[in-house]
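Every chain is numbered from 1 and lettered A, B, ... according to where its sequence line falls, protein lines coming before strand lines.
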Amino acid sequence: MRQSKFFMPTLKETPADAVAKSHQLMLRGGYIRQVTAGVYSYLPLAYRVLNKAEKIMEEEMAKINVPECLMPALLPASLWEESGRMKKYGPEMFRLNDRHDRPSLLGPTHEETFTELIAKNLKSYKQMPISLYQIQTKYRDENRPRFGLLRGREFIMLDAYSFAATRQQLDEQFDDEKQAFENIFKRCGVTVRPVIADSGTMGGKDSTEFQAPAEIGEDTIAVNETGTYAANLEMAQSLDDFKQEPEDPQPLEKVATPNCDSIEKLAKFLNVSATRIVKSILYIADGQKVLVLIRGDKQINEAKLAHVIDADDIHEAQTSDLEALTGSAKGGVGPVKADFADRIIADETVKNLYNVVVGASETDYQFKNANLDRDFKVDEFADIRVANEGELDPVDHLPLKFTTSIEVGHIFKLGTYYTKTMGADFLDQNGKAQPVIMGSYGIGVTRMLSAIVEQNLTDHGIAWPKEIAPFDIQLVQMKMNDDQQTAVAEKLESSLSAKYDVLYDDRKERPGVKFNDADLVGAPIRITIGRKVGDGIVEVKRPSDEKAQEVALNDLDAWIAKELG
RNA sequence: CGGGAAUUAGCUCAGCUUGGUAGAGCGCUUCGUUCGGGACGAAGAGGUCACAGGUUCAAAUCCUGCAUUCCCGACCA
């Protein structure tokens, strides 16, 4: 490809709206342009990278015998009424009506579409296990698209769905997909860590996210130093190493604690450590009043809590409503005689505490010397606390480190939610109807591009991993009016193009301009045809190299072959 | 969805407080000199100052509304 004919509008200055490095570089390098919030045009450079990533995905899916198909993005709302998600999905879904006023939508994901296909066309256990996948554009009307391709309203996703007759088949499909995903990420040059994740409100087991650690990720993952434990912060567990020395129960005592609406103020006012206080917070969970208790030095993890309560929507009760709901304003809510609560859930840290401080269910009053069971009851204990950096992991008891990261993939065993609600049954060996067991596997393809760039930055551009670089080799000719240079460059272009993707910078530009654009293209090899070409010498440089090195034209093929494998 | 900010040339921004015919740098076009990390000089092209009302003799500038975009948070099968 001649660069004079190639379209890559590079920018000298960084557009003000771009914050993430990957976003800046993809704009500056002429990879993408924004059309509207969260919606981008993929210009030739980005499209080449996308195609290469998709080709790798196709190869890896073929290896595990999963065929590709393509579902529509435009879907009838009726399909989603069937699964119950038309209501559940909320404002994130792009909804529209067609000319006959039939409710329609743009697919944010495709469980329903695939499940219906299977429901209508798969009847026997003999046809299973089977999987399908597609690489397709998804639509989600995100509240807040950001960081370029990282979170878009229109984005490209690989989504695979497995259909099994037995749990064991599902397990095998899951393991195959997991291996395929790991191969894909490796070949695409993105470093990922499989982490334990939350599978969301749809249920499902063995939920695993593939997280790419990066500077600007939207997620936080907790990892121990050996990598034997890694979890999304939403789910991360940690050991509680605090142990209170046993004490004899003392009589319950009510004390006034004016203006103590936080644990810090209360601890200071009463001159006790936060570990001697039990914090009580009222949550509204799908309309239920749930009083949640946790030791004063810990924070409540709402994702864990939602799981334990099995609620779709949970939020703290408004401070302004507290008095009406519990009889006391902030700084007094407590578990003693808490008749207002439909349920009382406590974190495990509330166990084995003696003579603690709790709210007295009266504004600005606390009880001292409260004891579990004697003074207050708990319906259920669970791990509902936020893990903190430095705490020990539950597996090898090593300190946890936190890293921001980008969720580039998510796989989990979906089970029978969709197949049951949408009637995807098959006949087993006994002629009995059973719901098909599903697995769900996704890669954010365009998001992965952001992750790759974030992980492969150089001082001036991008160092694309070899398999997905938009070009393998960039030829840079210094003087376009030098016939000798032109002859060598054109010869190299034609010989190398037989085996590699070559971009030949044949523009009448100054060297500085060419070098800077080459840094943005980020090809694994840059070949400079310059003043020493008369001696049969060119220069080669990898994006990560500080300086170029000279190579004789005779040795060039070997050097390239060694480099590109 | 809550909070904050921005919107003036293709890009980065100034001008607004104190109303008076629209500015800079970069980019683009032409010519010349340059030519190994975004050159220099000269001459040009390019703007409904997001949009809609209002105040005023006069609005980029003041007032009201609205739209879009970005940031922080919440949300995110």
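The same atom, P, is picked in B/U55 and in B/A9; the two are 28 Å apart, to the nearest Å. Taking the P atom of each, B/U69 and B/G53 are spaced 23 Å apart, rounded to whole Å. One P atom belongs to B/A22, the other to B/U17, and the distance between them is 16 Å to the nearest Å. One C1' atom belongs to B/A14, the other to B/C31, and the distance between them is 31 Å to the nearest Å. Rounded to the nearest Å, the gap between the C1' atom of B/A5 and that of B/G10 is 24 Å.
Remark: B/C16 base-pairs with no nucleotide; criterion is Watson-Crick or G-U wobble with both hydrogen-bond distances under 3.5 Å. Across all strands shown, nothing is found opposite B/C75 as a Watson-Crick or G-U wobble partner with both distances under 3.5 Å. Summarising the base pairing, B/C31 is matched to B/G41 through a Watson-Crick or G-U wobble pair whose two defining distances lie under 3.5 Å. Partner assigned to B/A5 is B/U69, using Watson-Crick or G-U wobble distances below 3.5 angstrom.
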Trace of the salt bridge (charged side-chain N to carboxylate O under 4.0 Å, His left out) decision for A/Lys138 with A/Asp159 | CA-CA 10 Å; A/Lys138 306 284 187 207; A/Asp159 50 326; 2.8 Å; yes
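OP1 or OP2 of B/A39 lies within a sub-4.0 Å distance of a side-chain N or O belonging to A/Arg510. Here A/Gln477 does not reach the OP1 or OP2 of B/G36: none of its side-chain N or O atoms lies under 4.0 Å away. Within the structure, a side-chain polar atom (N or O) of A/Lys12 is placed less than 4.0 Å from OP1 or OP2 of B/G27. In this model, the phosphate group of B/G36 is not approached by any side-chain N or O of A/Thr528 to a distance below 4.0 Å at OP1 or OP2.
Considering only side-chain atoms of A/Glu302, the nucleotide from B/G38, B/U69, B/C75 that sits closest is B/C75. Each of B/U12, B/A77, B/G38 was ranked by its minimum atom distance to the side chain of A/Glu111; first place goes to B/A77. Nearest nucleotide to the side chain of A/Glu539, out of B/A74, B/U69, B/G36: B/G36. Side-chain atoms of A/Pro15 lie closest to B/C11 of the nucleotides B/A77, B/C11, B/G38. Considering only side-chain atoms of A/Thr109, the nucleotide from B/A77, B/G38, B/G36 that sits closest is B/A77. Relative to the side chain of A/Phe147, the nucleotides B/C72, B/C35, B/U12 differ in distance, and B/C72 lies closest. Among the nucleotides B/G38, B/A77, B/C75, the one closest to the side chain of A/Phe412 is B/A77. Closest to the side chain of A/Arg146, from the set B/G37, B/C71, B/U69, is B/C71. Listed nucleotides: B/U69, B/C76, B/A74. Nearest to the side chain of A/Thr36: B/U69.
The shortest side-chain heavy-atom distance between A/Arg153 and A/Tyr139 does not fall under the 4.5 Å cut-off. Contact of the A/Tyr283 side chain with the A/Leu305 side chain is registered, since non-hydrogen atoms from C-beta on lie closer than 4.5 Å.
Taking the six-membered ring where tryptophan is involved, the planes of A/Tyr40 and A/His23 are perpendicular, since the angle between them exceeds 60° and thus also 30°.
With hydrogens and angles ignored, no donor-acceptor pair closer than 3.5 Å exists between the side chain of A/Glu13 and the base of B/G10. The base of B/C76 is paired with the side chain of A/Arg151 by a donor and an acceptor separated by under 3.5 Å. In the interface, the side chain of A/Arg507 is not paired with the base of B/G38 through any donor and acceptor atom under 3.5 Å apart.
Every residue was checked against the salt bridge (charged side-chain N to carboxylate O under 4.0 Å, His left out) condition with A/Lys547, not counting sequence neighbours, and none meets it. With sequence neighbours excluded, no residue forms a ring-ring contact (aromatic ring centres under 6.0 Å, His included) with A/Phe155. Residues passing the side-chain contact (heavy atoms from CB on, under 4.5 Å) test with A/Ser78 are A/Pro76, sequence neighbours excluded.
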Could you list the protein-to-nucleotides 5-9 of chain B atom pairs, N/O on both sides, closer than 3.5 Å?
none

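Taking the six-membered ring wherever Trp is involved, the centroid distance between the rings of A/Tyr133 and A/Tyr161 does not fall below 6.0 Å. Aromatic rings from A/Phe6 and A/Phe471 are positioned such that their centres are separated by under 6.0 Å.
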Just by protein heavy atoms under 4.0 Å, how would nucleotides 44-49 of chain B read 5' to 3' in B, S and -?
-> ------
Under 3.5 Å donor-acceptor pairs involving side-chain atoms of residues 531-540 of chain A, not counting sequence neighbours:
residue  : atom : partner  : partner atom : Å
A/Lys532 : NZ   : A/Glu550 : OE1          : 3.4
A/Lys532 : NZ   : A/Glu550 : OE2          : 2.8

